[in-house]
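Single-structure report; data block below.
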Amino acid sequence: MRQRRKISLIGAGNIGSTIAHLIVRESLADVALLDIKEGLPQGKALDLMHASPIDGADVNILGTSSYDDTHDSDIIVITAGITRKPGMSRDDLLMINAKIIKDVAVNCAKYSPKAKVIVVSNPLDVMTHLTYKAGGFNRYDVMGMAGVLDSARFSSFVAKAANVSVSDVNTVVLGGHGDTMIPLVRYCTISGIPVTKFLDKDKLNQIVQRTRFAGGEIVRILKTSAYYSPATSVVSMIKAIFFDKRRVITCAAYINGEYGLNDLYIGVPVILGKGGVQKVIELELSEDEKSVLHKTAGTIKTLINRVMS
Ligand code: APR
């Protein structure tokens, strides 16, 4: 019988390998690191194996190009695909990543049909939907990582501006993982105290704008997309599942009826535990917020139809 949990990481690029490093550092699980690039997952796995005695991490790390090695994974994280280059929107990636994700989902489902699957590849909401449909997974088992990251970006800006601990800031960002995301200022608190006690409206508006374009800001400066914060976000979701924490977080979850939307993945607050997405939490939205959410859902549906046809 297998002694430890197992996580397969599909894509051993910046995000995949950073997740692998965090998993090893925290001895969370055995890792299968898979990529199509010859030598990349094998080399990184070997490097991580060398790091494991320093951390006292008794976990196995395997670099591979073969899906057999992902068999019986408890969690699969999909970061395979191409990233945004400067001037490219997430949607530009659509057709290239869709082809990759369909293939990845089918292969993952073949060896681990009951795994929880966290999708990171962009455009996020569409790729998560594609993973669910192409892999034939249970809807509660598949989710997209976006809300944790978008909320963390929002929180980091609030903490800096208010000059308080990042640990005390609580934020909710829902909607699509793109420039139409909806950072909800009225749900932002600093240790339960409304953020408006600390920051004025203008400052908060600036922060909301910066949060919306935070991914693009990094691409502009770094010339590739972010990876430390996405990887850290994924690991917090892995822990919520492994330790059945029932964390209240936002992620791209399957919606059927909630928020007046049907049959798509979009960012909503959920309870995340050992059963995956255990509950979608429906918040009261203003007319403006509702209209942005529905418009974003329309765009996601159009993109889904394009990649599914
Ligand atoms: N199967 C497995 N791996 C693949 C495949 C495939 N079919 N196609 C591409 N890859 C691998 C690439 O070889 C590369 O190593 O996916 C990896 C992606 O890594 P990076 O280019 O470093 O990208 P990363 O920063 O990790 O982002 C991954 O997450 O946030 C999103 O937009 C981002 O879609 C991108 C994804």
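Each ligand, and each atom within it, is numbered from 1 in the order the structure gives. Worth saying up front: this structure is predicted, and the values here are computed from it rather than measured.
Atom CG of Asn305 has more than 12 heavy atoms from other residues, nucleotides or ligands within 6.0 Å.
Here is the list of ligand 1 atoms found below 4.0 Å of a heavy atom in Asn97: 34 (O). Residue Ile82 has at least one heavy-atom neighbour below 4.0 Å for each of these atoms of ligand 1: 34 (O), 35 (C). Each of the atoms 2 (C), 3 (N), 4 (C), 5 (C), 16 (O) of ligand 1 lies under 4.0 Å from some heavy atom of Ala80. Using a 4.0 Å cut-off to heavy atoms of Ile100, the atoms of ligand 1 that qualify are 5 (C), 6 (C), 7 (N), 8 (N). Within ligand 1, counting atoms from 1 as listed, the ones closer than 4.0 Å to a heavy atom of Leu40 are 15 (O).
Closest to atom 26 (O) of ligand 1 among all protein heavy atoms lies Ile15 N, 2.8 Å. Summary of contacts: the protein heavy atom closest to atom 36 (C) of ligand 1 is Thr79 O, 3.4 Å. The protein non-hydrogen atom at the shortest distance from atom 14 (C) of ligand 1 is Asp35 OD2, 3.4 Å. Of the protein's heavy atoms, Gly13 CA, 3.2 Å lies nearest to atom 19 (O) of ligand 1. The protein non-hydrogen atom at the shortest distance from atom 9 (C) of ligand 1 is Gly81 N, 3.5 Å. The protein heavy-atom contact nearest to atom 8 (N) of ligand 1 is Ile36 CD1, 3.5 Å. Distance from atom 31 (C) of ligand 1 to its nearest protein heavy atom, with residue and atom name: Val120 O, 3.4 Å.
Across Ile78, Asn122, Ile19, heavy-atom proximity to atom 33 (C) of ligand 1 is greatest for Asn122. Of the candidates Leu124, Asn14, Thr83, it is Thr83 that places a heavy atom closest to atom 23 (O) of ligand 1.
Ring planes of Tyr265 and His129: perpendicular class, angle over 60° (limits at 30 and 60°).
A donor-acceptor pair under 3.5 Å links the side-chain atoms of Asp35 to the main chain of Lys37, judged by distance alone. Remark: side-chain polar atoms of Lys44 are paired, donor with acceptor, to backbone N or O of Ala12 under 3.5 angstrom.
Counted by atom type alone, Ser66 and Thr64 present zero donor-acceptor pairs between their side chains at under 3.5 Å. Residues Thr171 and Ser155 have side chains that bring a donor and an acceptor to within less than 3.5 angstrom of each other. Donor-acceptor pairing under 3.5 Å is recorded for the side chains of Asp263 and Tyr254. Residues Asp150 and His177 bring a donor and an acceptor atom of their side chains to less than 3.5 Å of each other.
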Side-chain donor-acceptor pairs of residues 110-117 under 3.5 Å, sequence neighbours excluded:
from: Tyr111; atom 1: OH; to: Asp68; atom 2: OD1; distance (Å): 3.2
from: Ser112; atom 1: OG; to: Thr70; atom 2: O; distance (Å): 3.0
from: Ser112; atom 1: OG; to: Asp72; atom 2: N; distance (Å): 3.3
from: Ser112; atom 1: OG; to: Ser73; atom 2: N; distance (Å): 3.0
from: Lys116; atom 1: NZ; to: Asp141; atom 2: OD1; distance (Å): 3.1

